[in-house]
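Everything below concerns the one structure shown next.
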Amino acid sequence: MSTVSLTITNTLTGRKEPFETIEPGKVKMYVCGPTVYAEAHIGHAMSAMVFDIIRRYLEYRGYQVIHAQNFTDVDDKIIVRASELGISPDRLAEDMIQEWMAQTAILNVKPATIYPRATQEIDTIQNLIEKLISTGHAYHVPGSDVFYRVTSFEDYGKLSHRKLDDMLAGSRIYVDPNKEHPMDFVLWKAAKEGEPAWESPWGPGRPGWHIECSAMIQRHLGGQIDIHGGGSDLVFPHHENEISQSESINCGRGLARYWVHNGMLQLSGEKMSKSEGNFVTIRELLDMGGGEIFRFMVLGSHYRSPLAFGQETYDAARRGLERLIGTVRDLDRRDVPGERPDHPLADEVDDVRSRFESAMDDDFNTPVALAALFDLARSINRESEPTPAVRYAQAALQDLAGVLGLRLREPEPRTSDSGPYVDLLVQVRDELRAARQFELADRIRDRLSALGVSVEDSSEGARWRWNA
RNA sequence: GGCGCCGUAGCCAAGUGGUAAGGCAGGAGUCUGCAAAACUCUGAUCGGCGGUUCGAAUCCGCCCGGCGCCUCCA
């Protein structure tokens, strides 16, 4: 095993802690996925990317990562929305899941190891609830729901660092009179006429939101996990409730060693959210060709901080990313020397890699890791000839960027079949330039630019690329 | 009302005790037929006030401003 000194900020303790896995070399990571009732927005994409980056780095560090990401595929909002659309809740959920899978693939998010769904965990969920009732941690109100009894768990509030008493003060507008305590939450929700329902000892109904995660973790990852992740908006009540459910019947073993939460994506100063209606969908982002640009934005600030999405920051990210792409543009992996060249650039690579690793070891400090990559890019660009040392450094740059999930490829052309014609125009223009027909050559360049093609001249002839 | 986070150059953003990484934008150069790209040079004393310290962006207190959670939410 390598002597890794990785540290992670743990929401549970509020501190940065050395990362130690339960099993050597193996990481069990569970990340809360979306409730699939509507198109996902880029806040969801951000969260998926953050944990993708964490996963990639853990794998880079030699860990085997078992990554589970759930889908909440039964819930009030799904039912409401499906009925608005005139389709079944199943259908809606399935469509949204397929879309999520396709979009995260384009965003270069590595597929999770397993994708559990609430509706496929009903047995486990019911068993858990039964156990919670029999141990006095939950109660069934006949004709109503099954609730978790928050006062039965003395650690309630330990994740979000609040006390039950403090939460009551300015809290809810409406409290279900069936609850013993206002903070008690639903484990099993009785179905109304026409709603999706499963038979249970407490009547037909469906699982409450929080219980599915406890069940999935127990069934798919078996007991305690290393990392539990999600957006910071899930700390309370979702993750707090998960802890109480799982730990109250697990004899005090911690559900997860490290609780990791990403900051919220903001749009015009406020949290991006479906219910608030201020959001940019992943589809819109991808239509702009902004998948990798967005990842670059995410990498540009620490994952725990809020990130503001806006045209200015988007453009800045695009330009920065273009610089890195330009640095490895002409790289052909076949030209990369197998041996480390004896050259100052190779020393620079060593130095950059070491800075990259220290940064990532320090609670996944991606802004600092990126800074190291930009320094390497500058050193590479300083070289005028594509020597083996340059190829070596370019490959290293691309590899390290790859650990962050950046592909560093040229943007794809929108019209894929026009390439040969652009080639032709650029060649003709080269000949015009050779004949010193600059006026005509400039006009071609201007016209191509208007069509989204950048032409760059050099002593070896012109090259062109699609603008992002 | 309770809990927590944040406020660093025009913009984004690292940095938690020893005199401020990186990116974008801007300015001046080099290269180029011109441009683009690239390269070189170029900018901040860290929201305000007070305190601790030999020394603070970094610790403490107060104030101002912003955000998140306390209700479904990545």
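All heavy atoms count here, side chains included; hydrogens, waters and symmetry mates do not.
- To the nearest whole angstrom, the two P atoms, one in B:A9 and one in B:G4, are 27 Å apart.
- If you measure from atom CE of A:Met264 to atom C1' of B:G66, you get 17 Å, rounded to the nearest angstrom.
- When the P atom of B:C3 is taken as reference, atom OH of A:Tyr156 falls 17 Å away, rounded to whole Å.
- In this structure, A:Asn381 reaches the sugar-phosphate backbone alone: every heavy-atom distance under 4.0 Å involves primed, P, OP1 or OP2 atoms, never a base.
- Residue A:Arg433 places a side-chain atom within donor-acceptor reach of the base of B:G33, judged by atom type and a 3.5 Å distance cut-off alone.
- Of the P atoms belonging to B:U8 and B:G48, the separation is 10 Å, rounded to the nearest Å.
- Base-pair partner of B:C67: B:G4 (Watson-Crick or G-U wobble, both distances under 3.5 Å).
- Looking at the side chain of A:Asp457, the nearest of the listed nucleotides B:G33, B:A37, B:A74 is B:G33.
- Counting non-hydrogen atoms under 4.0 angstrom, A:Val50 reaches nothing in the nucleic acid.
- B:A36 and B:U42 have their P atoms separated by 22 Å, given to the nearest Å.
- For the pair A:Leu324 CG and B:A38 P, the interatomic distance rounds to 10 Å; values are reported in whole Å.
- Heavy-atom neighbours of A:Arg447 CZ from other residues, nucleotides or ligands within 6.0 Å: at or below the threshold of 12.
- As rounded to the nearest Å, B:A37 and B:U32 have C1' atoms that lie 11 Å from one another.
- We find the CD1-SG distance between A:Ile217 and A:Cys213 to be 6.0 Å, quoted to the nearest 0.5 Å.
- Remark: the separation of the P atoms in B:G29 and B:C67 is 44 Å, to the nearest Å.
- When heavy atoms are screened at a 4.0 angstrom cut-off, A:Glu270 is found touching the sugar-phosphate backbone but no base atom.
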Contact letters for nucleotides 7-22 of chain B, in which S counts primed atoms plus P, OP1 and OP2 and B counts the base, heavy atoms under 4.0 Å: ----SSSSS-----BS
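- A salt bridge is defined here as a Lys NZ or Arg NE, NH1 or NH2 lying under 4.0 Å from an Asp or Glu carboxylate O, and A:Asp75 with A:Arg81 fails to meet this definition.
- Across every strand in view, B:A57 sits unpaired, with no contact that passes the Watson-Crick or G-U test at under 3.5 angstrom.
- In a base pair of the Watson-Crick type (N1 to N3 plus N6-O4 or O6-N4) or a G-U wobble (N1-O2 and O6-N3), with each distance short of 3.5 Å, B:C72 is matched with no nucleotide.
- When every heavy atom of A:Leu400 is checked against every heavy atom of A:Val352, the shortest pair comes out as CD1-CG1, 4.2 Å.
- Spacing of P atoms, B:U40 relative to B:G47, comes out at 31 Å, to the nearest Å.
- B:C46 is unpaired under the criterion used here, namely a Watson-Crick or G-U wobble arrangement in which both key atom distances are under 3.5 Å.
- When the nearest nucleotides of RNA chain B are assigned to A:Met46 and A:Ala441 by heavy-atom distance, the more 5′-ward of the two goes with A:Ala441.
- A:Glu348 and A:Arg378 are not joined by a salt bridge, as no carboxylate oxygen comes within less than 4.0 angstrom of a charged side-chain nitrogen.
- With a cut-off of 3.5 Å on both pairing distances, B:G33 has no Watson-Crick or G-U wobble partner at all.
- Across every strand in view, B:C41 sits in a pair with B:G27 that passes the Watson-Crick or G-U test at under 3.5 angstrom.
- Between A:His210 and A:His238, the ring planes lie tilted relative to each other; the angle falls in the 30° to 60° range.
- A salt bridge is defined here as a Lys NZ or Arg NE, NH1 or NH2 lying under 4.0 Å from an Asp or Glu carboxylate O, and A:Arg409 with A:Glu292 fails to meet this definition.
- Using a 4.0 Å heavy-atom criterion, one finds that A:Ser459 contacts no nucleic acid atom at all.
- For the residue pair A:Arg391 and A:Pro386, the shortest heavy atom distance occurs at NH2-CB, 3.3 Å.
- Straight-line distance from the CD1 atom of A:Ile293 to the P atom of B:C24: 14 Å, rounded to whole Å.
- A donor-acceptor contact under 3.5 Å links the side chain of A:Arg445 to the base of B:C34.
- Comparing B:C72, B:G33, B:A74 by their nearest atom to the side chain of A:Lys77 picks out B:C72.
- Residue contacts for A:Gly320: at a heavy-atom cut-off of 4.0 Å it reaches the sugar-phosphate backbone alone, with no base atom in range.
- Nucleotide B:C5 holds its P atom 18 Å from the NZ atom of A:Lys271, rounded to whole Å.
- Using a 4.0 Å heavy-atom criterion, one finds that A:Gly157 contacts no nucleic acid atom at all.
- Nucleotides B:A44 and B:A13, compared at atom C1', are 14 Å apart to the nearest Å.
- As a whole-Å value, the separation of A:Glu383 CD from B:C31 P is 19 Å.
- Among the heavy atoms of the strands, none lies under 4.0 Å from A:Leu373.
- For the C1' atoms, the distance linking B:G15 with B:U19 amounts to 14 Å, nearest Å.
- Across all strands, A:His161 comes closer than 4.0 Å only to sugar-phosphate atoms, never to a base (heavy-atom distances).
- Residues passing the salt bridge (charged side-chain N to carboxylate O under 4.0 Å, His left out) test with A:Glu99, sequence neighbours excluded: A:Arg283.
- Classification of A:Asp442 and A:Arg445 as a salt-bridged pair holds, one side-chain N sitting under 4.0 Å from a carboxylate O.
- Note on A:Ser449: every side-chain N or O is 4.0 Å or more away from OP1 and OP2 of B:A36.
- Base pairing of B:U52: no nucleotide in any strand meets the Watson-Crick or G-U wobble criterion (both distances under 3.5 Å).
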Residues 432-440 of chain A, side-chain donor-acceptor partners within the protein, below 3.5 Å, at least two apart:
none

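- A close approach under 4.0 Å does occur between a side-chain nitrogen or oxygen of A:Arg382 and OP1 or OP2 of B:U40.
- Counting any heavy atom pair closer than 4.0 Å across all strands shown, A:Gly229 reaches no nucleic acid atom.
- For the pair A:Asp184 CG and B:U71 P, the computed distance is 13 Å after rounding to whole Å.
- With the nearest nucleotide of RNA chain B identified for both A:Ser379 and A:Glu276, A:Ser379 has the one nearer the 5' end.
- Each of B:G33, B:A74, B:C24 was ranked by its minimum atom distance to the side chain of A:Cys32; first place goes to B:A74.
- Heavy atoms of A:Met272 sit under 4.0 angstrom from at least one base atom.
- When each of B:G33, B:U71, B:C69 is scored by its nearest atom to the side-chain atoms of A:Met183, the top-ranked nucleotide is B:U71.
- If you take CG of A:Leu267 and P of B:C67, they are 14 Å apart, rounded to a whole angstrom.
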